[in-house]
Amino acid sequence: MAKALRSVCPCLNSVWDVIFASERNSEGQREKDLPSPRNSLLADSQETRHIVYMALYDFRARTSDELSFRAGDEFEILNDDDRSSGTWWFARKRNRSNGECTGYIPYNYVAKKESLATESWYAGKLSRSEAKVILLSTQTTTGSFLIRESENQENGHALSVRDGTIVRHYRVMQDKTEQFCLNTINRFSSLKELVEYYKLNSLRSDLRLTTPCQLKQHRPSIRDLSYLTVDEWERPRKEFTFTKKLGSGHFGEVYAGYWNKTVQVAIKTVHAGAMNRKDFQIETQVMKNLHHPYVMSLYAICTTADPFYIVTELMKNGSLLNYLRSKEALHLGLEQLLDMAVQVAEGMSYLESQNYVHRDLAARNVLVGDNCICKIADFGLARAVKEGVYVSQSTAIPYKWTAPEAIEFGRFSVKSDVWSFGVLLYEIVTHGRTPYPGLDNQEVVSMVSKGYRMPCPDGCPGKLNEIMLQCWNSTAQNRPSFKALVQILVPFNSYEDTA
Ligand code: ADP
């Protein structure tokens with residue numbers, strides 16, 4: 001259904017204005033936690049040379065310009081490269097007697113030596129839902145823990161601990177003397193001291209910190225295929241090999257494959273004739289400028305011949321809709337389902353902050369990777385909106401997901417995406433049921449315009465149904481923002497404790 005909507009955008013100039021404006025400030029949340037290359041660290045490259053960095057993860061070079069390394073290796077950063085928007089650093093490995101010792105390294109794989117970031121339990125900026133996914137993985141047991149930067153508190157931290165099948169989150173407070181504490185009684189001069197104390201003393205009955213979560217196994221994603229493709233993302237076709245067909249889209253097939261025989265990717269083939277070239281440019285440029293853990297990353301395109309390729313990260317479990325309907329997802333409880341909803345809300349909140357309107361948010365357009373990590377995909381319909389609302393000239397619409405004002409007047413906005421998110425919540429809690437069961441599109445449009453809303457699905461808590469109804473408020477302005485939805489959904493689905 002997505003397809004007919006991919007018409008030429010009539011306000012192309014403003015779209016490009018916004019796209020290029022956003023390029024200058026489109027850092028995703030996760031990047032901010034890391035030793036920011038644009039910050040003071042690299043302002044004075046002379047000074048930087050004397051700072052020793054340590055690798056947090058292993059990394060295997062994919063091109064001859066990159067440097068392979070192992071966790072624990074030490075580096076000096078020689079410069080940051082303007083071409084690479086600072087996400088790749090040119091570094092020299094220390095203590096090497098022979099072999100290649102300079103090359104590009106991904107900046108988010110290293111941290112200043114002896115900084116907090118090098119502690120095995122320190123996760124930096126990690127969202128509550130990511131912490132939960134990591135702590136509930138099979139390698140962890142009760143007491144496994146990590147400390148992360150708090151999402152809600154500037155410069156604050158949170159301690160997340162596995163307790164059986166759930167994850168508890170504790171806010172780490174800092175008093176006037178900068179001491180760290182979980183309560184008013186026990187105060188510590190460092191996070192390390194706090195960790196040592198709660199290894200020996202209970203947080204709550206029978207819950208102590210045991211082993212740090214194996215964060216090193218959860219490498220941050222590298223935003224690009226390599227430092228080479230950061231700006232030069234139109235790539236020669238010969239760099240790509242296909243291994244397996246994953247599915248069929250409207251414009252062609254989607255394959256799993258490799259770039260440069262080293263990096264796993266998904267390759268979407270698009271028959272040049274099937275898509276307006278400008279649409280293609282809009283779709284790919286929009287994606288290229290978006291960087292967020294819950295938004296699909298675009299790696300590269302090939303447009304020199306038919307079919308075009310759109311190369312993105314590979315998401316192991318395919319579309320959320322198919323995943324929800326799969327046997328594998330049958331065992332997922334409400335809590336895990338809601339975690340996926342929170343991820344989508346976080347990704348959409350980022351798009352909202354970038355003034356992007358998706359226009360086709362639905363479970364079929366969200367992809368699922370390892371550990372139920374969800375990423376919003378298919379920006380074919382996204383339009384950068386200057387005035388907050390984009391008036392569509394299109395007539396075909398995914399009716400069951402689309403807000404009444406978008407159907408009637410073509411008024412797509414972040415708030416019409418919020419309406420679609422309400423429908424996506426329905427798809428999630430029902431394990432992928434088609435919304436408005438038993439009704440066809442025309443019936444849905446007519447009934448919804450008269451005030452009809454889907455009833456609370458079986459097994460869905462009343463409070464969650466209330467959130468759906470807020471998303472389906474007939475007045476767009478009265479719907480919550482995605483930012484507010486994250487704030488509503490997160491506490492709904494987490495255990496915030498005090499020690
Ligand atoms: P279209 O939007 O043109 O209909 P899609 O992008 O939805 O095409 O792709 C069709 C199918 O291919 C999806 O349902 C999904 O199963 C699979 N797919 C698409 N992109 C990826 C990806 N990055 N990783 C894994 N599977 C993918």
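These figures come from a predicted structure and were not determined experimentally. For this chain, numbers begin at 1 and follow the sequence in order. Every number for a ligand or one of its atoms is a count from 1 in the order of the listing.
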Contact atoms of ligand 1, heavy-atom distance to Thr312 under 4.0 Å:
23 (N)
Sequence neighbours excluded, which residues qualify as side chain to side chain donor-acceptor pair (under 3.5 Å) partners of Asp417?
none
So is Arg235 actually on top of Phe240's ring, under 6.0 Å and inside 45° of the axis?
no
Decide whether an N or O pair under 3.5 Å exists between [X] and ligand 1.
X	result
Asp378	yes
Ala266	no
Asn365	no

Nearest non-hydrogen atom to atom 19 (C) of ligand 1 belongs to which of Leu298, Leu246, Val254?
Val254
Shortest heavy-atom approach to atom 14 (O) of ligand 1 - which of Ser319, Ala377, Gly369:
Ser319
Any pair counted as salt bridge (Lys or Arg N to Asp or Glu O under 4.0 Å), so long as it reaches residues 316-326, sequence neighbours left out:
Lys316-Asp370
Measure the NE2-OG distance between His358 and Ser420 for me, rounded to the nearest 0.5 Å.
9.0 Å
May I ask whether Ser248 has any heavy atom positioned less than 4.0 angstrom from an atom of ligand 1?
yes
So is Met296 in contact with ligand 1, going by heavy-atom distances below 4.0 Å?
yes
Part of [X] within contact of ligand 1 (heavy atoms, under 4.0 Å):
X	result
Arg364	neither
Leu321	neither
Glu313	backbone

So Glu405 and Lys415, salt bridge (charged side-chain N to carboxylate O under 4.0 Å, His left out) or not? Walk me through it.
CA-CA 10 Å; Glu405 74 278 5; Lys415 296 292 188 183; over 6 Å; no
Centroid separation under 6.0 Å, is that true for the rings of Tyr53 and Trp89?
yes
Any side-chain donor-acceptor pair under 3.5 Å between Thr303 and Glu234?
yes
I need the single residue from Leu425, Leu361, Val295 that forms a side-chain contact (heavy atoms from CB on, under 4.5 Å) with Val344. Which is it?
Leu361
